[in-house]
Amino acid sequence: MLSTTLLPLISALVGTTLGAPAPSEFTTRATSEIQPSAVVIHDSHWSGQNTCNPGAAQVTRTNTGHDLTTMLTFVYPAAANGKQCWLDFNVPAGATVSPTGTAGLAKIDVFRQWAPVNTCPSQGNNRDVQLGRLNVPGAGKAATWGEVYNSYLTSKAPCPAPGTAVGIEFVGVGDAETVAWQQSAGFGARILYA
C-alpha cells in the first residue's frame with residue numbers, strides 16, 4: 001500500500017527537481033542581451049593608439065608601459081525599455097585567461113566612461129567612476145562581482161531610454177594578467193535585461 005501511494009509521488013517530485021536548472025543558471029538568464037556596438041582596445045602607453053573593433057577583446061597587464069584595456073560601447077534598444085538592466089561577463093570557452101590573483105582567479109576592474117570611445121585612430125579612454133572588480137575563474141565560466149563600488153550596472157536597475165549609449169572599460173589588475181575573448185551572442189561582456 002505504501003509503495004503504491006508514495007512511489008508515484010516521490011517519482012514525480014524527483015523528476016521535476018532533476019529537470020530544474022542549477023541555481024547558478026538563474027543569475028545569468030535574461031530575456032535578452034545587449035552586445036557592444038563598438039569594441040576598442042586601448043593601449044595605456046602615452047603614445048599608444050586605440051584600435052577599433054579588433055575582432056577580439058583583450059585586457060592585458062604587463063607593467064611594461066603598454067597595458068591593454070578594452071572599451072565597450074553599448075546602445076540600449078527599444079526592447080529594453082521598461083526592463084531591468086545589469087552588466088554580465090560570460091567568458092567564452094575559447095578565451096585566454098591567465099590568472100595571477102588569489103585562488104587562481106584573474107581580476108578585471110570595471111569603469112564607467114564619461115563618454116563612449118568608438119572612433120579610431122584616437123587616444124584616451126574617458127575613464128570615469130570605478131564600478132567594481134570582476135573575478136574571472138577561467139574560460140567557459142561566468143565572471144562574478146568580487147567587489148562592488150557603485151550600483152551602476154553591478155546590480156539590476158531600470159534600463160535607460162532607448163538609444164542611450166554608454167561606455168564601459170575593462171582594466172587588468174595585478175602585475176601580469178591576460179584575459180582575451182571573442183564577443184559573440186551569449187558570450188563576452190554584455191548588458192542583460194529582463
Side-chain angles (χ1 to χ4, degrees), residues 28 30-61 66-92 95 106-134 136 142-143 145-173 177-194:
T28 56
T31 56
S32 203
E33 68 178 9
I34 306 167
Q35 281 285 330
S37 59
V39 177
V40 178
I41 302 296
H42 169 67
D43 183 338
S44 65
H45 190 265
W46 68 272
S47 65
Q49 292 290 312
N50 291 336
T51 306
C52 285
N53 294 316
Q58 182 172 350
V59 173
T60 302
R61 179 89 180 187
H66 284 281
D67 295 338
L68 301 178
T69 71
T70 292
M71 300 180 290
L72 306 145
T73 299
F74 296 94
V75 179
Y76 288 87
N81 193 31
K83 305 256 170 78
Q84 297 285 307
C85 286
W86 65 98
L87 184 68
D88 182 76
F89 186 41
N90 192 13
V91 186
K107 296 182 182 287
I108 295 176
D109 282 341
V110 181
F111 292 85
R112 180 177 68 197
Q113 295 175 299
W114 54 268
V117 175
N118 50 22
T119 58
C120 289
S122 63
Q123 289 182 311
N125 59 2
N126 297 349
R127 189 178 295 167
D128 192 13
V129 176
Q130 185 174 6
L131 304 179
R133 179 169 287 173
L134 287 170
V136 183
W145 290 104
E147 297 176 43
V148 174
Y149 309 125
N150 191 299
S151 63
Y152 178 76
L153 289 177
T154 59
S155 60
K156 293 180 183 179
C159 301
T164 300
V166 298
I168 299 293
E169 183 181 17
F170 278 22
V171 180
V173 176
E177 178 174 274
T178 297
V179 180
W181 69 96
Q182 182 71 39
Q183 283 291 138
S184 63
F187 295 100
R190 60 215 178 118
I191 293 176
L192 300 179
Y193 60 90

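Note that the structure is predicted; figures quoted are calculated from it, not measured. In this chain, numbering begins with 1 at the start of the sequence shown.
Looking only at side-chain heavy atoms (C-beta outward), Ile168 and Leu131 come within less than 4.5 Å of each other. Contact annotation: the side chain of Ile191 approaches that of Leu87 to within less than 4.5 Å [non-hydrogen atoms, C-beta and beyond]. Side-chain contact between Val166 and Tyr76 is present, with at least one heavy-atom pair separated by less than 4.5 Å. Side chains of Ser155 and Trp145 form no contact here, defined as non-hydrogen atoms less than 4.5 Å apart.
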- Check the pair Asn50, Ile41 against side chain to side chain contact (heavy atoms under 4.5 Å, CB included), reporting the backbone distance first and the verdict last. CA-CA 6 Å; Asn50 291 336; Ile41 302 296; over 6 Å; no
- Task: In sequence, state the C-alpha distance, the side-chain angles, and the governing distance for Gln182 and Ser184, and then conclude on side chain to side chain donor-acceptor pair (under 3.5 Å).
- Result: CA-CA 6 Å; Gln182 182 71 39; Ser184 63; over 6 Å; no
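Nearest heavy atoms, Asn150 versus Thr154: O-OG1, 2.6 Å. Nearest heavy-atom pair, Ala189 versus Pro36, reported as atom, atom and distance to 0.1 Å: O-CD, 3.5 Å. A pairwise comparison of heavy atoms in Phe74 and Arg190 identifies CE2-CA, 3.8 Å as the closest pair. Annotation for Tyr149 and Gln130: closest pair CE1-NE2, 3.4 Å, computed over non-hydrogen atoms. Here the closest heavy-atom approach between residue Ser37 and residue Val75 is recorded as OG-CG2, 3.7 Å. Taking both residues in full, the closest heavy atoms of Ser44 and His66 are given as OG-C, 4.2 Å, listed atom of the first, atom of the second, then distance.
Annotation: side-chain contact (heavy atoms from CB on, under 4.5 Å) contacts of Ala38 (sequence neighbours excluded): Asn53, Thr73, Asn118. For Pro158, the side-chain contact (heavy atoms from CB on, under 4.5 Å) criterion is met by Gln84, not counting sequence neighbours. For Phe89, the ring pair (Phe, Tyr, Trp, His ring centres under 6.0 Å) partners at least two apart in sequence or on another chain are Phe170, Trp181. Scanning for side-chain contact (heavy atoms from CB on, under 4.5 Å) contacts around Asn126 gives Gln113, Trp114, Ala115, Val117, with sequence neighbours left out.
The stretch residues 114-130 participates, sequence neighbours left out, in these salt bridge (Lys or Arg N to Asp or Glu O under 4.0 Å) pairs: Arg112-Asp128, Arg127-Glu169. Among residues at least two apart or in separate chains, salt bridge (Lys or Arg N to Asp or Glu O under 4.0 Å) pairs with a member in residues 67-78 are Arg61-Asp67.
The CD atom of Gln58 sits 5.0 Å away from atom CG of Leu68, with the distance rounded to the nearest 0.5 Å. One finds the CD atom of Glu177 at 9.0 Å from the NZ atom of Lys107 (value rounded to the nearest 0.5 Å). The line from CZ of Phe111 to CE of Met71 is 13.0 Å long, rounded to the nearest 0.5 Å. Atom SG in Cys85 sits 5.0 Å away from atom CD1 in Ile34 (nearest 0.5 Å).
No side-chain donor-acceptor contact under 3.5 Å links Asp109 to the backbone of Val173.
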